[in-house]
Number of protein chains: 2
Amino acid sequence: MPRLADPALPERRRAQILEAARFCFRERGFRQTTIEEICAEARISPGALYRYFHSKADIVAAIALDARAEAEVAIEQLAGAEGLLEALADLAQAFLEAFDKDGDAALLSDIWAEAARDSLLAKALAERDRVARGRLASAIDKARRGGGVYPAMESEEAAETLLTALEGFALRRALWRAEPIATSVRKFRTLTLHLLKPKR
Amino acid sequence: MPRLADPALPERRRAQILEAARFCFRERGFRQTTIEEICAEARISPGALYRYFHSKADIVAAIALDARAEAEVAIEQLAGAEGLLEALADLAQAFLEAFDKDGDAALLSDIWAEAARDSLLAKALAERDRVARGRLASAIDKARRGGGVYPAMESEEAAETLLTALEGFALRRALWRAEPIATSVRKFRTLTLHLLKPKR
DNA sequence: ACCTGAACACCGTTCAAGT
DNA sequence: ACCTGAACACCGTTCAAGT
């Protein structure tokens, strides 16, 4: 009998459950997926699942934060990027793709709806957003100092407006998978052009 | 025994149920509101409620379309408006207010999440959006012909981008009731200024 | 320490019975 | 024709019992 349990077990179990949940959510959506299904997929019992997550909502919250983190990798890269406009188009592409692996589109709105009721998740998302906005604002400032762009407004506000619009595009795609990602990216790009006014 | 039942009854019942549901949703949100609570508020039995709505989701859908209709009154007025920029700011104000009567903010994201799974609602919202976009595009065209604005892009695309951003602002407000509506309106207004480039 | 799975509580929906 | 409300089905969560 070991004095300490495997310290990596909890993290492994969480990952195992999250992977199963993501699979099910993509398949059938958040609401139509039952805990029992997640348990079957993760080969674990309901009792065990609840050792690692407080609730079903807690599971979406974890997935939400993961998905954001993935999309935000592109934001990290804004700082070092050569062309701000190019980097922004890449960011849009990454963000739209992160929530477009079929089924995931709806997940984005589930997350939003969940956050509107779960203030912990809302706070976590707000913090992520604050960071992303700050990074984008810095990148804009840097490009402005370098003479690459002549933004139409304060960098902070430009950053916020751009991220707001990007989120808007992503949510529209979640509802109406009408146009290819590239088209949404192009529209976003046109917006950045007119807000950031690059030197020609 | 009447040969015809009161033909206005169905519509009255629906209105009665919707009013009760709106009240409950504002109070506790869509998910936490039970059919039983709506029934109590509407002074009707569950069985009766299901004569008028197919499901709980059907009730949110109806509320969603109502709320949109309300916000879209402002879009109707774009056509006749003198100053396009002013009219757009009014539109933003109306839209943000329509989803800001406390509790309703979360409703906006509930609607979105519901629509992502309910293709009938999604189609209905898409149709509304198509109309709104068309009206806004016409208004932009008219202002352009009148020499009032020099839009940075095709009118259809400008309209779409503006509505997308507006929706984005509304959804952010749903999560983080951080800033006064007037501030969001001002940011939207700044965006319109830079996309529509009014003559000075 | 970790897990199982039956049991519980809750709630959306239906339906037999009433008027 | 319209309604009632008890019953049903389903599912998130808990907990006594196992290893």
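The basis for the numbers below is simple: all heavy atoms, side chains too, and nothing from hydrogens, waters or symmetry mates.
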What's the [atom1]-[atom2] distance between [X] and [N], to the nearest Å?
X	N	atom1	atom2	answer
A:Ile35	D:dT14	CD1	P	11 Å
B:Tyr52	D:dC2	OH	P	5 Å
B:Lys56	D:dC10	NZ	P	18 Å
A:Arg28	D:dC11	CZ	P	11 Å
B:Gln32	C:dG12	CD	P	11 Å
B:Ile17	D:dC2	CD1	P	13 Å
B:Glu36	C:dA9	CD	P	16 Å
B:Arg13	D:dC3	CZ	P	4 Å

Original post:
If each of A:Phe30 and B:Arg51 is mapped to the nucleotide of DNA chain D with the nearest heavy atom, which maps nearer the 5' terminus, i.e. the 5' end?
Top reply: B:Arg51
**OP:** Please tell me which of A:Thr33 and B:Gly47 maps to the more 5' nucleotide of DNA chain D, matching each residue to the nucleotide holding its nearest heavy atom.
**Re:** B:Gly47
Original post:
Among the nucleotides D:dG12, C:dC3, C:dC11, which one has an atom lying closest to any side-chain atom of B:Thr34?
Top reply: C:dC11
**OP:** Return the orientation label for the A:Trp176 and B:Trp112 ring planes: parallel under 30°, perpendicular over 60°, tilted otherwise.
**Re:** tilted
Original post:
Is NZ or CZ of A:Lys56 both nearer than 6.0 Å to the six-membered ring centre of A:Tyr50 and within 45° of the ring axis?
Top reply: no
Original post:
Which part of the nucleic acid does A:Arg43 contact within heavy-atom distance under 4.0 Å: base, sugar-phosphate only, or nothing?
Top reply: nothing
**OP:** Tell me the partner of C:dT19, counting only Watson-Crick (N1-N3 plus N6-O4 or O6-N4) or G-U wobble (N1-O2 and O6-N3) with both under 3.5 Å; none if nothing fits.
**Re:** D:dA1
Subject >> Any strand: nucleotide that pairs with D:dC8 via Watson-Crick or wobble, under 3.5 Å >> reply: C:dG12
Original post:
Are any of the side-chain nitrogens in B:Arg133 or B:Asp129 under 4.0 Å away from the carboxylate oxygens of its partner?
Top reply: yes
Original post:
So, are A:Glu154 and A:Arg144 salt-bridged, with charged N and O less than 4.0 Å apart?
Top reply: no
Original post:
For C:dC11, does either OP1 or OP2 sit under 4.0 Å from a side-chain N or O belonging to B:Arg31?
Top reply: no
Original post:
Any side-chain N or O of B:Tyr50 under 4.0 Å from OP1/OP2 of C:dT13?
Top reply: yes
Original post:
Which value, rounded to the nearest 0.5 Å, describes the distance between A:Lys142 atom NZ and A:Leu84 atom CG?
Top reply: 9.5 Å
